[in-house]
S.K.: 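Got a structure for you, questions after.
Both ligands and their constituent atoms are indexed starting at 1 by order of listing.
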Amino acid sequence: MKHFLTLHDLSKKDIEDIIKLAFKIKKKLKKGEQKKYLKDQTLAMIFEKSSTRTRVSFEIGMYQLGGHAIFLSSNDSQLGRGEPMKDTARVISRMADMVMIRTFSQDSLEEFAKYATVPVINGLTDLYHPVQLLADYMTMIEHGKEKNPIVAYVGDGNNMTHSWMWLASKLGFELRVASPKGYEADGIVMHETLTEAKKSGAKITFTHDAKEAVKDADVVTTDTWISMGQEDEKAQRIKDFEGFIVDEALMSLAKDDAIFLHCLPAYRGYEVSEEVLEGKQSVIFDEAENRLHAQKAVMVWLDKHK
Ligand code: CP
Ligand code: NVA
């Protein structure tokens with residue numbers, strides 16, 4: 001049995017297999033021929049942080065696959081009152097066929113997975129957001145950016161950055177990360193992904209200069225400066241991230257046909273300007289839609305490996 005906790009655990013082939021399946025599922029859905037791969041199965045979804053896309057895509061995805069999803073928030077489940085992850089994991093495993101968790105620490109997620117006897121999916125932690133990257137990669141492919149792309153990530157060294165670093169290092173493409181001083185990616189993830197990059201031929205570089213990262217890029221992406229759980233740091237972060245907005249001036253340094261990605265939710269005027277977000281290079285709603293198709297593929301893939 002497999003879990004889906006980080007892209008670290010997946011091979012290049014695993015990622016390609018899931019993406020291939022996602023495109024097949026998407027194509028069938030558009031034709032109204034959705035196969036019920038997970039008939040009568042149940043997905044338990046645990047949310048310790050807010051969500052729009054992740055919740056809607058998993059819940060609708062499971063329904064379209066012939067199954068059912070249930071939503072548990074930490075506020076109104078016993079997790080919020082301190083029931084340990086390891087107990088919750090064993091209880092839910094006795095009833096559900098699969099579990100998706102959005103939580104704070106990657107360690108809590110991994111603790112849950114260690115005790116679970118059904119597949120567990122990472123729906124975002126402070127460290128990683130791997131399901132988002134599958135949707136992002138699908139969107140790159142749909143817009144013709146899968147052949148040796150240069151991807152520029154501008155902004156906070158956060159869960160999205162780390163997931164981009166894993167995707168690049170597994171698939172072997174060039175990723176340039178530009179963050180302000182003090183907001184660089186995690187050192188352990190840097191070390192691990194750079195080691196992986198040596199094997200795959202990926203080129204991952206880090207800079208404090210957003211312009212240097214974006215020059216001639218095929219894909220430009222960013223994320224909020226204030227991730228969930230960092231709300232108290234908002235005022236300081238807004239000061240520290242000055243000059244890291246993806247606006248038209250920065251975007252003009254990328255290739256003319258570059259695309260703009262953002263996992264959303266976006267904060268206009270902070271990490272991205274209104275003009276870029278709503279501009280012709282922005283493919284953010286294709287990207288958001290692909291969450292549905294990619295995650296359906298993850299669930300079917302995990303079910304196949306049970
Ligand atoms: N991108 C993303 O995961 O969005 P939600 O927080 O709305 O789920
Ligand atoms: N980095 C953001 C991603 C939201 C989807 C956060 O963790 O809040």
Side-chain angles (χ1 to χ4, degrees), residues 4-7 22 43-62 69 71-75 99-109 121-140 153-167 177-180 183-186 189 219 221-234 236-238 240-241 244-246 260-268 270-272 277 282-299:
F4 190 90
L5 307 179
T6 144
L7 297 175
L43 173 74
M45 307 186 297
I46 300 172
F47 282 92
E48 299 205 291
K49 292 178 175 178
S50 309
S51 170
T52 298
R53 279 144 289 268
T54 307
R55 178 179 176 180
V56 174
S57 52
F58 271 109
E59 192 160 337
I60 292 179
M62 196 58 181
F71 172 80
L72 291 137
S73 82
S74 48
N75 295 338
V99 184
M100 185 244 85
I101 310 180
R102 169 168 284 197
T103 188
F104 292 86
S105 98
Q106 182 76 14
D107 287 348
S108 306
L109 171 79
I121 303 169
N122 182 351
L124 180 147
T125 62
D126 292 344
L127 195 64
Y128 293 126
H129 196 5
V131 285
Q132 177 71 52
L133 266 289
L134 296 177
D136 293 9
Y137 187 51
M138 276 184 84
T139 313
M140 282 169 62
Y153 175 95
V154 178
D156 191 21
N158 64 13
N159 43 14
M160 281 302 299
T161 325
H162 300 147
S163 302
W164 272 109
M165 286 158 66
W166 274 117
L167 188 77
V177 179
S179 312
Y183 295 94
E184 296 89 354
D186 178 83
V189 181
V219 178
T221 185
T222 184
D223 183 22
T224 180
W225 296 340
I226 301 124
S227 284
M228 290 180 275
Q230 298 173 335
E231 290 78 8
D232 293 349
E233 300 169 30
K234 186 173 176 181
Q236 187 62 47
R237 282 177 168 262
I238 289 171
D240 294 344
F241 279 81
F244 281 81
I245 183 170
V246 179
F260 174 75
L261 295 174
H262 191 311
C263 64
L264 304 179
Y267 299 90
R268 289 163 165 83
Y270 293 95
E271 77 274 12
V272 59
L277 202 67
S282 173
V283 291
I284 54 173
F285 297 111
D286 292 344
E287 181 186 5
E289 179 192 327
N290 282 333
R291 295 290 305 277
L292 172 69
H293 313 298
Q295 288 157 203
K296 284 164 76 179
V298 169
M299 292 190 284

S.K.: Tell me which protein heavy atom sits closest to atom 3 (O) of ligand 1, plus the residue, atom name and distance to 0.1 Å.
M.R.: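 For atom 3 (O) of ligand 1, the nearest protein heavy atom comes out as His129 NE2, 2.8 Å.
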
S.K.: Considering the heavy atoms of Leu264, write down every atom of ligand 2 situated less than 4.0 Å from one of them.
M.R.: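 In order of numbering, the contacting atoms are 5 (C).
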
S.K.: Closer than 4.0 Å to some heavy atom of Asn158 - which atoms of ligand 2 meet that?
M.R.: 1 (N)

S.K.: Is any side-chain heavy atom of Arg237 closer than 4.5 Å to a side-chain heavy atom of Asp156?
M.R.: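 Answer yes - side chains close enough.
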
S.K.: Is there a polar contact, in the sense of an N or O pair closer than 3.5 Å, between Met228 and ligand 2?
M.R.: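 Such a contact does occur with ligand 2.
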
S.K.: Just heavy atoms, cut-off under 4.0 Å: does Asp156 contact ligand 2 by side chain, backbone, both, or neither?
M.R.: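 It is neither; nothing of Asp156 touches ligand 2.
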
S.K.: Could you please spell out the steps behind the side chain to side chain contact (heavy atoms under 4.5 Å, CB included) verdict for Phe260 and Val246?
M.R.: CA-CA 9 Å; Phe260 174 75; Val246 179; 3.9 Å; yes

S.K.: Under the side chain to side chain contact (heavy atoms under 4.5 Å, CB included) test against Arg102, which residue among Glu48, His129, Met45 passes?
M.R.: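 The single option meeting the side chain to side chain contact (heavy atoms under 4.5 Å, CB included) with Arg102 is His129.
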
S.K.: I need the atoms of ligand 1 closer than 4.0 Å to a non-hydrogen atom of Cys263, numbered in the order shown.
M.R.: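 Checking each atom against Cys263, I get 1 (N).
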
S.K.: Give the residue and atom name of whichever protein heavy atom lies nearest to atom 7 (O) of ligand 2, and the separation in Å to one decimal.
M.R.: Asn159 ND2, 2.8 Å

S.K.: With rounding to the nearest 0.5 angstrom, report the CZ to CD1 distance, Phe47 to Ile101.
M.R.: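 Answer for the CZ-CD1 pair, Phe47 versus Ile101, is 10.5 Å.
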
S.K.: Purely on distance, is any nitrogen or oxygen of Met228 under 3.5 Å from one on ligand 1?
M.R.: no

S.K.: Return the closest protein heavy atom for atom 4 (C) of ligand 2 as residue, atom name and distance.
M.R.: Leu124 CD1, 3.9 Å

S.K.: Starting from atom 3 (C) of ligand 2, locate the nearest protein heavy atom and write down its residue, its atom name and how far away it is, to 0.1 Å.
M.R.: Asp223 OD2, 3.7 Å

S.K.: Write out the residue and atom name of the closest protein heavy atom to atom 2 (C) of ligand 1, then the distance separating them to 0.1 Å.
M.R.: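 Minimum-distance protein heavy atom for atom 2 (C) of ligand 1 reads Arg291 NH1, 3.2 Å.
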
S.K.: Check whether any N or O atom of Arg55, backbone or side chain, sits under 3.5 Å from an N or O atom of ligand 1, and answer yes or no.
M.R.: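 No.
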
S.K.: Does Arg102 come within less than 4.0 angstrom of ligand 1, counting non-hydrogen atoms of the residue?
M.R.: yes

S.K.: Check if Leu264 has a non-hydrogen atom at a distance under 4.0 Å from any atom of ligand 1.
M.R.: yes

S.K.: Identify the heavy atoms of Ser163 and Pro130 that sit nearest to each other, and give their distance.
M.R.: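 Shortest heavy-atom contact: OG-N, 3.9 Å.
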
S.K.: Could you tell me whether Ser227 and ligand 2 have an N or O pair separated by under 3.5 Å?
M.R.: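 Yes, since at least one N or O of Ser227 sits under 3.5 Å from an N or O of ligand 2.
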
S.K.: Look at the aromatic rings of Phe241 and Tyr183 and report parallel, tilted or perpendicular, splitting at 30° and 60°.
M.R.: tilted

S.K.: How far does CG of Leu277 sit from CG of Leu264, to the nearest 0.5 angstrom?
M.R.: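 One gets 7.0 Å once the value is rounded to the nearest 0.5 Å.
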
S.K.: Tell me the protein heavy atom at minimum distance from atom 4 (O) of ligand 1, and give that distance in Å.
M.R.: Arg53 NE, 2.8 Å

S.K.: I want to check a possible cation-pi pair here: Arg55 against Phe71, using under 6.0 Å from ring centre and within 45° of the ring axis as the test.
M.R.: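 That pair qualifies as a cation-pi contact.
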
S.K.: What atoms of ligand 1 come closer than 4.0 angstrom to any heavy atom of Thr52?
M.R.: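 Atoms satisfying the 4.0 Å criterion: 5 (P), 7 (O), 8 (O).
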
S.K.: Evaluate Thr139 against Asp136 for side-chain hydrogen bond (donor to acceptor under 3.5 Å, both in side chains), listing each step before the verdict.
M.R.: CA-CA 5 Å; Thr139 313; Asp136 293 9; 5.4 Å; no

S.K.: If you apply the rule side-chain hydrogen bond (donor to acceptor under 3.5 Å, both in side chains), what do you find for Ser57 with Gln295, and how did you get there?
M.R.: CA-CA 7 Å; Ser57 52; Gln295 288 157 203; 2.8 Å; yes

S.K.: Please test Thr125 against Gln106 for side-chain hydrogen bond (donor to acceptor under 3.5 Å, both in side chains), starting from the C-alpha separation and ending with a verdict.
M.R.: CA-CA 6 Å; Thr125 62; Gln106 182 76 14; 2.7 Å; yes

